[in-house]
Amino acid sequence: MVAAHPGATPDSSAAAAQSPPPAPQPDVESAPFWEALRRHRVLLQRCTACGRIRFPPMPACPYCGGRTSVAEEVAATGRIYSFVRVHRALTPSMSGQVPYVVAVVQLDAGPRMIGRVDGDQESVVIDAAVRPDFVDHDGWTELRFALVDAAGSAP
Amino acid sequence: MTARAAITGVGYTPFTRRSGRSVLDLAAEACSAAIDDAGLDRAEVDGVASFMVMHDSVPCQAVATVLGLGEQRLLLDVDLGGQGPCYLVTLAAAAVNAGMARNVVVFRAMNGRSGNRVGTMQFAGMGAQYRYPIGYDAYMMYVAMWGRRFLHETGGGAEDLGAVAVAQRKFAERNQRAVRREPLDIDAYLDAPYVVEPFRAADCTIEVDGACAVVVSSLDRARDLRHPPAVVAAGAYRAGPRSGLDIGDHLLWDDYTRNYTSLLAADLYGQAGLSSSDVQMAEIYDCFSSTVLIGLEGLGLCGRGEAGGWVRSGATAIDGALPTNTHGGLLAEGYLHGMNTVAEAALQVQGRGGDRQAPRHEVCAVTSGALMDGSALILTTDR
């Protein structure tokens with residue numbers, strides 16, 4: 001629906017490049033998720049009616065409408081469903097980061113999540129196995145993903 | 001719906017980088033032009049409908065006021081982006097069919113380049129907190145995410161995206177309104193750097209300042225007006241299940257290779273009493289090139305996995321089996337959020353396409369939107 005012309009790219013001044021990305025603004029539903037990330041844990045909601053684990057956090061189940069859920073820690077391992085490689089930053093805070101990869105990851109636990117994928121960029125392909133990789137920022141922790149090699153360990 | 005409504009007129013402002021004008025002024029110019037183009041007296045216009053993203057436009061109330069319209073039976077402001085144009089024409093036609101209004105002007109107006117730029121807007125919503133902090137921060141990226149998966153599953157590649165951009169640029173060369181008119185071939189396309197892989201600049205729409213409007217009237221009234229009616233034979237909107245927390249939240253969508261077009265196609269053809277093989281030309285929403293491929297397949301205009309090869313074969317060119325995006329698309333004409341896509345469809349069905357007129361234009365499919373939700377029309381001649 002909406003789009004950016006590449007001309008929209010902000011100038012990549014050094015000052016802009018050094019400004020941090022915006023911190024997440026947690027809400028009532030997402031606060032436990034963000035708090036768990038600070039401890040390098042991935043805490044999601046499991047619907048107590050249909051049993052599905054969901055993401056993002058929300059007040060009811062998008063599959064069955066069930067209004068109750070329990071918090072459950074997941075391993076956040078999975079495979080890349082799709083990805084983009086950003087060559088030109090659309091916001092000044094990311095201009096020092098390009099090129100970078102953002103992937104949608106199909107978690108083994110069920111839902112899909114989103115995160116940057118660091119490491120050997122040539123090895124980022126659809127269906128590549130990934131594991132969680134926690135990056136601490138000032139005041140919040142980012143969930144990234146790292147490629148898992150064929151032997152099952154992270155490079 | 002029973003086809004008792006039609007698009008009777010279209011209006012545009014110039015598309016520019018910096019209008020230096022208010023959005024209300026742009027809206028008034030395009031709406032006024034559309035009413036005049038239809039041949040209607042302003043006193044006959046009793047409805048205005050529009051859409052905006054993050055308050056980047058003006059309310060219909062204001063437009064009705066500055067146009068000097070009389071009593072309004074329908075003022076409809078919708079908080080949508082590019083999903084909106086076919087949806088609003090559908091609603092306007094339904095209102096006309098129901099006797100709620102007689103002539104409704106549908107518009108989109110924005111200083112989309114010099115003012116609030118949708119491409120870099122931060123969409124407020126519960127889903128935003130997971131995207132913006134990690135640099136997943138533009139609609140281009142979301143569509144690219146789907147495009148990558150689509151190419152993966154259908155065996156497509158850069159040449160397929162490029163074929164869309166090249167084919168549409170050929171139309172733009174014939175369209176004086178288009179912002180991008182310089183010739184483009186596949187080699188130049190492939191030589192260009194990525195912006196957000198798999199997209200290069202030519203895969204992306206170009207933001208502009210401007211406005212575009214169409215008038216929806218009853219078919220009976222349309223038959224007495226200046227131009228042949230572009231009959232609204234069918235109109236549909238569809239949001240798939242789990243369409244997300246905001247317009248950028250696609251994490252709950254199961255299949256990134258199919259968008260709303262797959263979901264509404266049966267309704268659309270059923271209403272029109274037509275099948276996909278009856279469609280003679282198409283105007284497919286194209287904020288980015290991949291949405292053309294997904295839309296062609298979603299509407300059944302070609303088979304699954306065939307869209308890329310089909311476009312490469314020339315099928316969507318002016319002399320092809322299904323001329324598509326005859327104005328150059330949003331990729332080349334400019335980003336009026338698909339309102340100009342609907343206006344182009346109406347011009348073509350009316351036989352007013354000029355140098356870029358499709359030879360067979362009795363049945364045209366039109367879409368609005370790229371991902372989880374969107375809308376579509378079948379416009380036909382008065383048959």
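Chain A is the first sequence line, chain B the second, and so forth, proteins listed ahead of strands; every chain is numbered from 1.
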> Should the pair A:Trp140 and A:Trp34 be assigned to parallel (<30°), tilted (30 to 60°) or perpendicular (>60°) ring geometry?
Replying inline: perpendicular
>> At a 4.5 Å cut-off on heavy atoms, which part of A:Pro57 comes close to chain B: side chain, backbone, both, or neither?
In response: both
> Parallel, tilted or perpendicular: which describes the rings of B:Phe51 and B:His337, with under 30° parallel and over 60° perpendicular?
Replying inline: parallel
> In terms of heavy-atom pairs under 4.5 Å, which option from A:Gln25, A:His137, A:Glu29 contacts chain B the most?
Replying inline: A:Gln25
> A:Leu107 and side-chain contact (heavy atoms from CB on, under 4.5 Å): which partner among A:Val130, A:Leu44, A:Ile53?
Replying inline: A:Leu44
> Where on B:Arg149 is there a heavy atom nearer than 4.5 Å to chain A: the side chain, the backbone, both, or neither?
Replying inline: both
> Where on B:Asp373 is there a heavy atom nearer than 4.5 Å to chain A: the side chain, the backbone, both, or neither?
Replying inline: neither
> Side chain, backbone, both or neither: which part of A:Phe55 has a non-hydrogen atom closer than 4.5 Å to chain B?
Replying inline: both
> Which of parallel (below 30°), tilted (30 to 60°) and perpendicular (above 60°) describes B:Tyr136 and B:His250?
Replying inline: perpendicular
> Hey, what's the ring geometry for A:Tyr81 with B:Tyr256, parallel, tilted or perpendicular (30° and 60° as the breaks)?
Replying inline: perpendicular
